[in-house]
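Order of appearance sets the numbers: ligands from 1, and atoms from 1 within every ligand. Computed from a predicted structure; not experimentally measured.
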Amino acid sequence: MRVEFPEGFRWGAATAAHQVEGDNTNSDWWHAERNGTVPYASGSACEHYSRYESDLDTAVEIGHNSHRLSVEWARIEPVQGEFDEVQIAHYVDVLRALKDRGLTSYVTLHHFTNPLWFAAQGGWTNREAPAHFERYVARIAGPLAPYVDYWLTFNEPTTVAQQGYLSGEWPPHARYAAHKALRIIDRQALAHKLAYRTLHRLVPDAVVGYTVALVNWRPIDPGSAIHRRMTRILTYFTNYRFSDQVGDETDLIGAQYYFTVLTSWRPRYPGAITTAEKSDLGWDIVPEGMYDVVTDIWRRYRKPIHVTENGLADADDSRRERFLLAHLRELHRAMEDGADVRGYLHWSLLDNFEWAFGYAPRFGLISVDYDTQRRSIRPSARAFERIIRSNGFDWEE
Ligand code: BGC
């Protein structure tokens, strides 16, 4: 059967500054990497800071019509209140390079990393945090606006809460600090709303959203009331809490899907679904979860959805093509059932610095040899290109 996407559908890949640029020296992550509180160091990453033009050429070569990147607050405001014009000009150049290539741009304003000065004041637990964020957004809105199609204020606010305040694996390494985890979700929601208003005031035709990590929680025993209740509670915290607070103050939702997780009275972590295929990180590959989370978020919020991330660690590229087809088939099914989905951006364009896992996981459509910085287009990138160029594919169950 033919799976056909609507005309004008956005296709491409996503990146994030700290993971690809290199030398993000004024950020909390860089500091943690030096201290050894995270086990790996990002170093010069993919040197995308200087190689962005040829990387964007490759994105176009493999058919992409859209691209998502993040601008780095720690570069733009390295010292509180001091904005670096050279860095702002750099991002204007990067975004102009997208426009020169005809790429639709998705620009994330906060993708996990914070300026060190901001982290030193308590990060998102600080009452002043939303105001600091709003000032940064106000400062860059004008210069960047001519080149931005979609603004995304925050990337996965609940991941920041989970990794930084519950598991403690990411800066600031708080563990089981549930009240703080909730507070920082709420602070980021407030910061989003302030930024949303500021962007609309300064850039009247701005389209502004955020991204959310949608976890497809599933009760191990659907007949058990406890399992079902736990599923509802977890779904609320990961998938709804931030969006509920934002309310109507968003123009789109960036849906990111990686995980289907089984729950009983407690979650069973990724890898627990024994029949599912797994990525190199042991994460279960469950394409139907794409349908579940997208339809759920559509029914609850009725906002245009762009899939701003979805992907897997697959170093030998043996599963990525099938992964793409199966997830896109499920996304399409959600659209057939009414979800207003406007685009699909794969994670990621390039292999990159996978946070606390370092450089081992390979998420790229394009592989990177970190010794030579040589890029090679993976076969799955060509398969994705064929999908994009025909705006669909033939699907066999
Ligand atoms: C994040 C990316 C990350 C990817 C794979 C998402 O949660 O936005 O930065 O690399 O997942 O783990």
Side-chain angles (χ1 to χ4, degrees), residues 12-22 24 27-30 32-33 38-40 42 45-46 48 67-74 106-114 150 152-167 169-171 185 188 209-216 237-239 242 253-261 269-271 278-286 289-290 293 306-315 319-320 323-324 327 344-368:
T15 60
H18 189 76
Q19 295 177 271
V20 293
E21 287 181 346
N24 185 18
S27 65
D28 56 350
W29 266 84
W30 187 268
E33 292 162 19
V38 292
Y40 299 97
S42 54
C46 310
H48 182 72
H67 182 67
R68 175 176 171 226
L69 55 82
S70 73
V71 295
E72 182 55 60
W73 185 8
Y106 292 73
V107 179
T108 317
L109 304 177
H110 184 275
H111 195 123
F112 296 159
T113 46
N114 296 303
Y150 299 107
L152 301 166
T153 54
F154 285 92
N155 181 67
E156 299 189 350
T158 53
T159 304
V160 174
Q162 149 68 25
Q163 298 291 93
Y165 296 85
L166 293 177
S167 80
E169 285 164 55
W170 292 6
I185 293 174
Q188 289 175 98
Y210 54 85
T211 84
V212 51
L214 298 169
V215 181
N216 183 37
F237 284 114
T238 59
N239 298 8
F242 181 85
I253 294 181
Q256 315 205 147
Y257 169 63
Y258 291 93
F259 295 119
T260 289
V261 183
Y269 285 101
K278 299 188 197 320
S279 79
D280 291 346
L281 282 170
W283 299 355
D284 300 304
I285 299 175
V286 187
M290 177 68 96
V293 296
H306 296 245
V307 175
T308 41
E309 282 184 36
N310 169 237
L312 81 167
D314 180 20
R319 287 147 289 176
R320 194 172 282 103
F323 178 101
L324 274 162
H327 283 76
Y344 173 90
L345 305 180
H346 192 71
W347 183 269
S348 177
L349 182 65
L350 303 165
D351 288 340
N352 60 51
F353 181 68
E354 181 52 28
W355 307 110
F357 295 116
Y359 285 109
R362 301 284 181 157
F363 277 89
L365 291 167
I366 299 166
S367 77
V368 176

Under 3.5 Å: N/O of W283 near N/O of ligand 1: no
Treating D284 as the side-chain partner and F259 as the backbone partner, does any N or O pair qualify as donor plus acceptor under 3.5 Å? no
Answer yes or no for F112: is there a heavy-atom contact with ligand 1 below 4.0 Å? yes
Do you know which of Y150, F154, F242 makes ring pair (Phe, Tyr, Trp, His ring centres under 6.0 Å) with Y210? F242
Is the shortest side-chain heavy-atom distance between Y257 and H327 below 4.5 Å? yes
Under 3.5 Å donor-acceptor, E309 side chain and Q256 backbone: no
With a cut-off of 4.0 Å, which atoms of ligand 1 are near a heavy atom of H111? 1 (C), 2 (C), 8 (O), 9 (O)
Students often mix this up, so state it plainly: with edges at 30° and 60°, are the rings of H18 and W29 parallel, tilted or perpendicular? tilted
Closest approach of any protein heavy atom to atom 7 (O) of ligand 1, naming residue and atom: E156 OE1, 2.6 Å
Just distances here: any N/O of N352 and N/O of ligand 1 closer than 3.5 Å? no
Nearest to atom 6 (C) of ligand 1, what protein heavy atom do you find, and at what distance? E309 OE1, 3.0 Å
When you measure from the heavy atoms of T159 to every atom of ligand 1, does any distance fall below 4.0 Å? no
Within ligand 1, which atoms have a heavy atom of Q19 less than 4.0 Å away? 2 (C), 3 (C), 9 (O), 10 (O)
Please list the nearest protein heavy atom to atom 5 (C) of ligand 1 with its residue and the distance rounded to 0.1 Å. E354 OE2, 3.3 Å
Just go through Y258, W347, Y257 and tell me whose heavy atom is the nearest to atom 11 (O) of ligand 1. Y258
Report yes if some heavy atom in the side chain of Q162 is under 4.5 Å from a heavy atom in the side chain of T238; otherwise report no. no
With H346 via ring-ring contact (aromatic ring centres under 6.0 Å, His included) - residues at least two apart: none
